[in-house]
Amino acid sequence: MRSVISVPMTDGSSVDRFLATVPSFARFGQILDPQLYAALPDDWVIGLADVVSSTQAIEAGHYKNVNMAGAAVIAAVSNALGNAPYPFVFGGDGASFALPSDRAAAARQALACTAAFVVEVYGLELRVAEVPVAAIRAAGFDIRVARFAASRDLNYAMFSGGGLAWAETRMKAGEFSIPPGPLGCRPDLSGLSCRFEAMPARRGVMLSIIVQAADLNPAAPEATAYRALIENIIRLVEDSPDMARPVPEGGPPLVWPPSGFDLEARAGQAPGTSLRLRRLKLLAQTALSFLVLRLRIPVGRFNPRRYLNQLVANSDYRKYDDGLRMTIDCGRELADTIEAQLVAAAAEGIVVYGLHRQRAALMTCLTPSVYRSDHIHFLDGAAGGYSAAAASMKGKTGRAITNPSAE
């Protein structure tokens, strides 16, 4: 999963053996420590997906569709692999992941089916690709992965080396592409849901941030200044009393039926079955979950208070994938301070960056089982988020970026 590695299993697979070599760290400020990253094996592949023209789709009010499309990639690949652990990251309007070559065919099929599903059901074009790690290194870039312990239950993958950004750029140029599956192809999206409402900013601004090194080569002369800037921004955010994670204690707002109801119904509709019956069934399911979560009613082994506490801790509001991405709830003064530092660093040729201010954040969830503690919750801004931040970044730099679909 693009920004996530589930708790490692022990089936002796090549993924497990690799993950066992990757250090885990709990302090987010360490994300640029090279000692915490392990190089992906040459015989692995990188899977990529992004929504074409995501900025225009969001401007047309389809922000939930865009986020669901990105999260659907992770759900489809996860289910195709039997929910085995693998490194991935969610990018708002897309996702990226890494797998050994013996699992590439299953992931390729899941990507093709997801692309067909997204265009047919959500009305969006999803660009998908698989890029060999060997090709990335042949181009002069590296791709390395680390594990950030966001909570005691879940690790998120962090990527560095410039290779992921290069691969996304080549995908945008039409290389390594995977054609969509046939009409009616449906990926297994079990566990994918969108049942929570937007979370309003409590500090004043929901700020989406993307920061990349101006030169993606880690050996570039500006690399030391870039690392110092990233560490300073993280420290500034973490030390400020005027900042909070987007997800409030106790979890996001709940209403019934949820505003993402129809998107979830379509995601779970089996080919050839009635969408009306699927909606009726989902209405009953969401009504039950609404009552259980709202009233904190334990049901069998399910403890709603524990689940909501895990949900808060497991949200991916900050990550690193060849660039810093954060969506934070902060005061306007803090947002201004962050922007001023980035403007100065960009003027010195150290970084390229994108910022987007909005009033709320969105959550899209992947919960294979409510009884497991490693359920995953993807965060993005509710009015453009990372797509809008990426669009403004490209406007400043004129070059390809890690979110190339925001044209």
Side-chain angles (χ1 to χ4, degrees), residues 1-7 9 11 13 15 45 47-51 64-91 94-100 102-130 154 178-195 260-275 277-282 285-286 289 363-372 374-378:
M1 309 174 183
R2 181 174 178 182
S3 223
V4 182
I5 302 175
S6 298
V7 178
M9 300 168 66
D11 65 0
S13 72
V15 179
V45 298
L48 305 155
D50 74 326
V51 174
K64 283 184 177 288
N65 301 52
V66 169
N67 275 188
M68 283 288 279
V73 171
I74 297 170
V77 174
S78 297
N79 289 321
L81 300 178
N83 286 311
Y86 69 106
F88 69 87
V89 63
F90 170 74
S96 304
F97 58 87
L99 285 173
D102 61 357
R103 299 192 180 187
R108 188 180 184 92
Q109 176 63 26
L111 286 172
C113 253
T114 305
F117 163 81
V118 166
V119 71
E120 184 180 348
V121 177
Y122 293 163
L124 299 170
E125 181 184 352
L126 185 70
R127 180 166 39 202
V128 294
E130 274 190 354
L154 190 67
I178 299 171
L183 189 67
C185 188
R186 290 291 183 272
D188 181 357
L189 300 180
S190 301
L192 181 65
S193 65
C194 187
R195 299 182 183 180
F261 170 80
D262 191 63
L263 294 176
E264 185 178 347
R266 292 177 179 275
Q269 183 189 7
T273 62
S274 167
L275 180 58
L277 290 178
R278 168 62 184 160
R279 285 170 172 155
L280 290 173
K281 182 179 179 180
L282 189 60
Q285 292 174 345
T286 55
S289 63
M363 173 181 285
T364 307
C365 308
L366 182 56
T367 307
S369 169
V370 295
Y371 302 113
R372 285 172 49 172
D374 60 344
H375 40 96
I376 301 155
H377 305 276
F378 305 118

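Between V128 and L126 the shortest side-chain heavy-atom distance falls below 4.5 Å. By the 4.5 Å heavy-atom criterion applied to side chains, P100 and Y86 are not counted as neighbours. N83 places a side-chain heavy atom less than 4.5 Å from the side chain of R372. When side chains are defined from C-beta on, L99 does not count as touching E130, because their heavy atoms never get closer than 4.5 Å.
In plain terms, the two heavy atoms of M68 and C194 that are nearest each other are SD-CB, 3.7 Å. Summarising the geometry of E120 relative to G184, their closest heavy-atom pair is OE1-N, 3.1 Å, with the distance given to 0.1 Å. The nearest pair of heavy atoms linking C185 to G181 is CB-C, 4.5 Å. Closest approach of Y122 to R266, counting heavy atoms only: CE2-CB, 4.5 Å. Minimum interatomic distance between A110 and P187 (heavy atoms only, all atoms of both residues): O-CB, 4.5 Å. Here the closest non-hydrogen pair linking V73 and A49 is CG2-CB, 3.6 Å.
Partners of D188 according to the side-chain hydrogen bond (donor to acceptor under 3.5 Å, both in side chains) rule, which considers only residues two or more places apart in sequence or in another chain, are S190. S289 meets the side-chain hydrogen bond (donor to acceptor under 3.5 Å, both in side chains) test with no other residue; sequence neighbours excluded.
Rounding to the nearest 0.5 Å gives a distance of 7.5 Å between CG of L192 and OG1 of T364. Rounded to the nearest 0.5 Å, atoms CG (N79) and CG (L366) are 7.0 Å apart. In this structure, NZ in K64 is found 12.0 Å from CG in D262, a value given to the nearest 0.5 Å. A distance of 11.5 Å separates CG in L280 from CD in Q285, rounded to the nearest 0.5 Å. Note: I376 CD1 to F90 CZ = 11.5 Å, rounded to the nearest 0.5 Å. Atom NE2 of residue H377 and atom OG of residue S193 lie 8.0 Å apart, to the nearest 0.5 angstrom.
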Show the numbers, then the answer: is there a side-chain contact (heavy atoms from CB on, under 4.5 Å) between L282 and F261?
CA-CA 8 Å; L282 189 60; F261 170 80; 3.6 Å; yes
